[in-house]
Each structure stands twice: as structure tokens, then as C-alpha cells.
Amino acid sequence: MEIKKNIQVNTKNSLYDNFINRLYLSYINIKQNKIFIYNFISIFIKTVLFILLISSDKAVSIGTNMVFHSVPPILVYISFISLILSFAFLFKGIYHLCSFLILNTFISAIYLADIWYYRSNHSFLSYHMLKATSNLNNLGDSVLAMGRAIDILFFIDIIVLIILIIKHKKIYENTKVNITSFLILFILPILYLSYVHYKVDILKKGYENVILFKSSWSQNQTMASLTPIGYHIFDLYRYYDECQPYKLNNSEKKEINNWFEKKEEVLPDNKYKALFKGKNLIVLQVESLENFVIDKKVNGQEITPTLNRLLKSSLYFNNYIEQTYNGTTSDAEFISNTSLYPVRSGSTFFRYPDNTYKSSLPNIMKSLGYNTLAVHPDKGSYWNWLPSLKSIGFDNCYDSSCFNIDEVIGLGLSDSSFLKQLSSLIEKQKKPFYSFSITLTSHSPFNLPKEYEELKLDNSLNGSRLGGYFQCVKYTDKQIGIFLDNLDKSGILNNSVVVIYGDHEGVHKFFKDEVDSMKNKESWWTDNNLRVPLIVYSKGLNGETISTIGGQVDFLPTISYLMGADPSQYNLSSIGRNLLNTKKDYAVTSTREYIGNDSTDKDFFLKGIDLSDKIIRSNYFQK
Ligand code: GP9
Ligand code: MN
């Protein structure tokens, strides 16, 4: 009996010893694995570099204005790097080495993709964007233009790694699969991350000002707390969560209703009410058109002679702020036609193409007896615009398949050809109509074919990105002039109002760093501050400049007021306000910046961004 007991104890002891022994050996194995240590250190350095880069304005240099708000959670960084590298221990021999190379290159590629996306959109990639791959058509040049010399730093270590692998491959030839090392590097980080999540996010102890696995108002903060590796792992969870149908509870519904009621300004009507009643409404959203070029000359030549001429008979809003987010062009279409901010993750058109909005601009126009059409020179699948604009309320949608693609510049059909074909299409429309279109040619990277360049630029501008931008805008401006002349010849212009606005910034959105670093620059070149022009033109009108600060969410109430819709049709469903009858002077940007003189109601107006997100996700305004 005694002997049996001893044997049992000994077996238990030896099992335990065995386990400890294996752990210890694996620990030594990890510690002595020089290629592992090298990859660990190089990914750590690249992670810190990434976080420092996104702390500068356009991720083009090392910045410190964000990361040092709080102590960086270094152990969290270490955990995520360890999680990723653990997989290499599931492979033996040369495959073990190759898996380090693949994992490290994969990490650099993700970091770079995030940085490039950040440079143009001030946000990071998300799984929702996998739905938007149809957008990559003809976009190669625009994407490549986001690269900067500093990006090489993400790949130098990989070249060194290849050399190390070639040099030391003999030593690793007999490496075996090491499940214990894998488990140590995989499970320990998970245990630590669970613990730190509980401590920081739930108990709110530990790192000050740090949020880990919780949506923060700024994606930069999530990146700095979790590293891009952690950000994408967390984004996967969020993606799953956000794909579930969103049902508002009663208190959320109440909050939304109260917000709209509080936002409403009840003011006496003014001269703008129904100013364009019964006229056709022709809206042209111009790619990357910024406000700073309006009424400006470069080397003695007007950049936008057509638009400048139109101002004499237009209401010109010169403090109109773009509010697009992950859906860029499509967001501008969405915001203008619904008076809601886009969703906070991914593109609204890709995520919610079937949403309906009973008080959308096309629906309001239809209630006034209008025929509605949306026309694009690109494919209906681009940004998923065709199904989305149909759901928003446009009865007729025409995409590139309805046009003769006889001239392609950059992304697609040239503005010259498109606008000519558009004027013929418009002439055939049943009156009154609301037509909504976009242009393409002035898209980044602003390389207009030489034969179309009309501006004579001096050496400082010629060949520069800004010079290219001026040439593109000048080209599009000219095509708009021809478009309006055609509408005039057919007599349509006499009974129409033409609304022209920029979808988002252009040269300052993608290449602000290049503009800022130009030599001999004129002060107005750097002065755009998210403004896009909004021009409401009608033949014979007395031109006026309206300097009220507003944004694209204000489009629907402002245009509806001018077209004669009753404010009760849109007041309690528009996040924006009528810029022609308001006492407020503000706009909020998609990155939650408040632009305005009186910031008393700042938090209230910023709340509109989150309420829009809930409204869209729950299809709150469905017909
Ligand atoms: C095509 C084009 C896209 O729809 O306007 O522009 P982007 O969204 O890249 O600005
Ligand atoms: Mn665009």
C-alpha cells in the first residue's frame, strides 16, 4: 500500500517536473533563437515608428504630439508582437525561418497600408473596407502617390533579415516544431491582455488616459494603445459586432428625438424661402474641388474663370466645410442628400446600401413633383453608389454603362466627354427634375495629360503637385463652362438652378506636406482648412457671398428651403441646418473638430456624429 502511494506521488512529481522542465527548455529555446529576437526587436521598432509617424499631421515625419499624452503600454505592444511571432514555432527547419520572414513582411505591409490610407483619409483600414474592393479600379496611381521616402524604414529590416536567413540557415536546419514555445508566446500574452483589459477598461486603473479594447473617439489613440496589430485584431471583433442588426432601445430613440428638437431653430422666414420654386435643380459634385482656388490667379491667370463668372449670379458659401469620412466621394453624396454624417467605420454605401431615408433630398423633391435622376461617369459598383442612391430615393440612376466611353483620363470617362453627354441626357428629362452628378477628372494624383494643360506656370509650380492640381481644376472649370453653355443653348438654364460644390479637399487632402514644403509659396496656397466651395447659381440672380460657417450636412435643409419645401419635411430629420436662416455659425468635421466662433454648444453638435451613426445602423428614417 505504502509503495503504491509513493509511486503515485513520484509519478505526479515527475509529471510536474517534466512540465517545468519543458517550460524551461522552451524558454531557453526562445531566448537563444537569434532570428526570433531579431524579428521581435525589429517589429517593436517599426511599431514605435508607426505610432510616431501617425502623430505628425499627415504621417510624413516623426511627431510627438499624440503618443506622449500618456505612458505607452509597452507590455501590450510586447504581447501583440509575441502573439504574431508565436506562429513561427509551429514550423520546422527552413520553414521556421521563412515563417519569420513572411510574418515580418506581412506586418510591414499592413503598417504601410494603414499609413497610406491614413495620409489620405485620416483614419485607418478596417474590415468593412474589404467590401469596397470594387473601388480599386483605375486607382493604382492615386494609391501609389501616397508613398513617401520615410516608408523605406519599414522594409530595411526585412532586407537584413533575408541576409541573416541566408547566412544562418544551416544552424536552423534541424529546428523542430516546438509546441511549448508556441504556447508560451501565444497564451501568456492572451492572459496578460485579458488582465490588463479588465484592469484598464473595466476597473479604470493602471495606465492613465489609456483605453485599450474599447472604441475610442480617435483611432490614433487605439493605434497608440494597441499597436496596429492589436488595432486590427480588435477591429475584427468590432466588425463582427457592427455586422449584427442594430436595434435602438427606447432611451436611444428618445435621445435622438430630443436632439433634433433641441437643434431646431424657429426663425421667421426670409427672402430665400422658395426662391427657386419650380426650377429644375441641377447638382454637380466636383471631384477634389477646394475653396482656396476660387477667384484666385496663378501667374496672372484665373484658375476657375467659369466659377468666378458664375459667382456674379450665385449664392456663394465660402465657409463650407467638407465632412466626408471613410467613403470620400460617396460620403459627400450621402451627406448632401440625407443631412446625416457617414458611419464611423467603413463606407456607409457599402455597409447600408438598402437603407431608405424618408426625408432625403430626392424624396423631398419628389414630394414637390420632381423627376429625380443620379448620373455618374463611373460604374454603379464604385463605392456602391448606384444601389445606395436608388435606396436614398433617386428614381433613375445612370452609370458609365449608359455612356459612350470615348475618352478616359485617370479614373474614368473624362469630364469633357461626360459633361457633354450629361447635358444631352438632361435635355431629355421630364420637367421639373432634380439631377445629381459627379465629375472625375480632377481626382488625385492630379496628372492631367499635357495636351489639356492650359495654365502657363512658372518654375516653382511647374511639375509640382500643386501645379498639377491647378491644371486639373482649370480643366474641369472649363468643362463646366461648356456644360452650362450647352444647357443655355437648349434653353434649360433659364429655368434651372445649378448647384456646384467640391466633394472634399484635393491637393491638401493628399499632399498637404508637399504644398507646405514648397519654396517661394504664396500664403493662399496653404490656406484651405477643409473648405470646399458651395455655389448656387441661377441666371439673373444678384450674386451674394454667404460667409456663415457650415458643412455638407447643411446642404439638404439649405437647398430644400430655396426650392420651396416646407421645413417640417426636413427639420426634425436633418442633422444640419438651413444656412440661409440660422443664428449659428459652426461646422464639425469628420475627425470631430469643431470649427466655429461660439463653442458653447460644441459637445451638443459633436453628438450629431454619433447619433447619425446610430440612425444609419438602425435604418431609423426608413420609408
Ligand atoms: C469615383 C471617384 C472616387 O467615384 O469620384 O473618388 P474618391 O472617393 O477616391 O475621392
Ligand atoms: Mn472624391
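Computation of the quantities below employed the complete heavy-atom set of this structure, encompassing side-chain atoms and omitting hydrogens, waters and symmetry-equivalent molecules. In listed order, ligands and their atoms are each counted from 1.
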Next item on the list: Tell me whether the centres of the aromatic rings in Tyr501 and Phe555 are closer together than 6.0 Å.
Entry: yes
Next item on the list: Fit a plane to each ring of Phe350 and Trp383, take the angle between them on a 0 to 90° scale, and name the class: parallel (under 30°), tilted (30 to 60°) or perpendicular (over 60°).
Entry: tilted
Margin query: Could you check whether Phe334 and Tyr357 have their ring centres less than 6.0 Å apart?
Written below: yes
Item checked: All side-chain hydrogen bond (donor to acceptor under 3.5 Å, both in side chains) counterparts of Asn337, not counting sequence neighbours -> Tyr434
Item checked: Test item: Asn319 side-chain N/O and Arg531 main-chain N/O as donor-acceptor pair under 3.5 Å -> no
Check: What do you reckon, are the aromatic ring centroids of Phe470 and Trp524 less than 6.0 Å apart?
Finding: yes
Next item on the list: Check the angle between the aromatic planes of His504 and Phe510 and answer parallel, tilted or perpendicular using the 30° and 60° thresholds.
Entry: perpendicular
Checklist line | Atoms of the protein (N/O/S only) found under 2.8 Å from the Mn ion (ligand 2) | finding: Glu287 OE1, Glu287 OE2, Thr329 OG1, Asp503 OD2, His504 NE2
Notebook entry, point to check: Can the ring centroids of Phe292 and His508 be said to lie less than 6.0 angstrom from one another?
Noted result: yes
Next item on the list: With sequence neighbours excluded, tell me which residues meet ring-ring contact (aromatic ring centres under 6.0 Å, His included) with His443.
Entry: none
Checklist line | Sorted by chain and number, the residues that approach ligand 1 to under 4.0 Å with a heavy atom | finding: Glu287, Thr328, Thr329, Asp378, Tyr382, Trp383, Leu411, Ile438, Leu440, His443, His504
